[in-house]
Amino acid sequence: MTLWTAVLLASVICLALKAIGYLVPARWVQAPRPARIADLLTVALLAALVAVQTLAQGQALAVDARVPALLVAAGLLLVRAPFLVVVTGAAVVAALLRLWGLAE
């Protein structure tokens, strides 16, 4: 199977899933349990993406300046710092660790 065949097949499957979504009755989606599951699933997928992007380097596990930067960002989010402060704080921590040679 060529790459373009896989891309087209995945596109057709995504379109079919979206079309099937319109056939689901609104009362099923608006019920409390499915709404709560959808909310939690979104957060879980985002957390998984952050973890993979922070800890993975190819097929290997990488612990470098990104891990302390992520911890600083989480701490700043806990104290409800503005998003720009969170991003800047994490970037400064990672840059300083790399500058001082404490992390790659």
Side-chain angles (χ1 to χ4, degrees):
M1 178 184 309
T2 66
L3 178 62
W4 283 110
T5 306
V7 169
L8 290 174
L9 182 63
S11 300
V12 169
I13 291 171
C14 287
L15 182 63
L17 284 172
K18 187 172 180 90
I20 290 171
Y22 287 113
L23 301 175
V24 174
R27 62 184 170 85
W28 287 6
V29 180
Q30 294 171 351
R33 180 174 284 174
R36 181 75 177 144
I37 290 172
D39 289 343
L40 293 175
L41 189 62
T42 303
V43 172
L45 287 172
L46 181 59
L49 177 64
V50 168
V52 167
Q53 291 295 316
T54 301
L55 298 173
Q57 188 169 6
Q59 295 291 339
L61 185 64
V63 178
D64 56 11
R66 294 176 289 183
V67 175
L70 181 63
L71 294 174
V72 168
L76 289 171
L77 284 172
L78 282 175
V79 297
R80 301 206 184 277
F83 186 70
L84 188 57
V85 173
V86 172
V87 172
T88 304
V92 166
V93 167
L96 287 175
L97 288 173
R98 288 179 176 144
L99 177 70
W100 295 333
L102 298 174
E104 292 181 17

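Values reported hereafter were calculated over all heavy atoms of this structure, with side chains retained and with hydrogens, waters and symmetry mates removed.
- Listed by chain and number, the hydrophobic cluster partners of Val87 are Phe83, where partners are ILVMFWY side chains within reach of under 4.5 Å, directly or through others.
- Apart from Val12 itself, the hydrophobic cluster it occupies contains nothing, where clustering links Ile, Leu, Val, Met, Phe, Trp and Tyr at side-chain heavy-atom distances under 4.5 Å.
- Annotation: side-chain hydrogen bond (donor to acceptor under 3.5 Å, both in side chains) contacts involving residues 64-78, sequence neighbours excluded, comprise Asp64-Arg66.
- Leu61 and Val67 fall within the same hydrophobic cluster, defined by Ile, Leu, Val, Met, Phe, Trp and Tyr side-chain heavy atoms under 4.5 Å apart, directly or through other members.
- Residue pairs satisfying the salt bridge (Lys or Arg N to Asp or Glu O under 4.0 Å) criterion with at least one member in residues 67-83, sequence neighbours excluded, are absent.
- Heavy-atom minimum distance, Ala94 versus Ala69: CB-CB, 4.0 Å.
- Smallest separation of non-hydrogen atoms from Pro68 and Ala65: CD-O, 3.4 Å.
- Hydrophobic clustering places Val93 together with Leu99 (ILVMFWY residues linked when any side-chain heavy atoms are closer than 4.5 Å, directly or through intermediates).
- Listed by first and then second residue, the side-chain hydrogen bond (donor to acceptor under 3.5 Å, both in side chains) pairs that reach into residues 34-48 come to none, sequence neighbours excluded.
- Note: Leu40 CG to Leu45 CG = 11.0 Å, rounded to the nearest 0.5 Å.
- Through direct or indirect side-chain contacts shorter than 4.5 Å among Ile, Leu, Val, Met, Phe, Trp and Tyr, Trp28 is connected to Val24, Val29.
- Applying the salt bridge (Lys or Arg N to Asp or Glu O under 4.0 Å) test to pairs two or more places apart or on separate chains, none has a residue in residues 82-94.
- When the side chain to side chain contact (heavy atoms under 4.5 Å, CB included) test is applied to Val86, the partners found at least two apart in sequence or on another chain are Ala73, Leu76, Leu77, Ala81.
- Within a 6.0 Å sphere centred on CG of Leu49, other residues, nucleotides and ligands contribute more than 12 heavy atoms.
- Partners of Leu102 by side chain to side chain contact (heavy atoms under 4.5 Å, CB included), not counting sequence neighbours, listed by chain and number: Leu97, Trp100.
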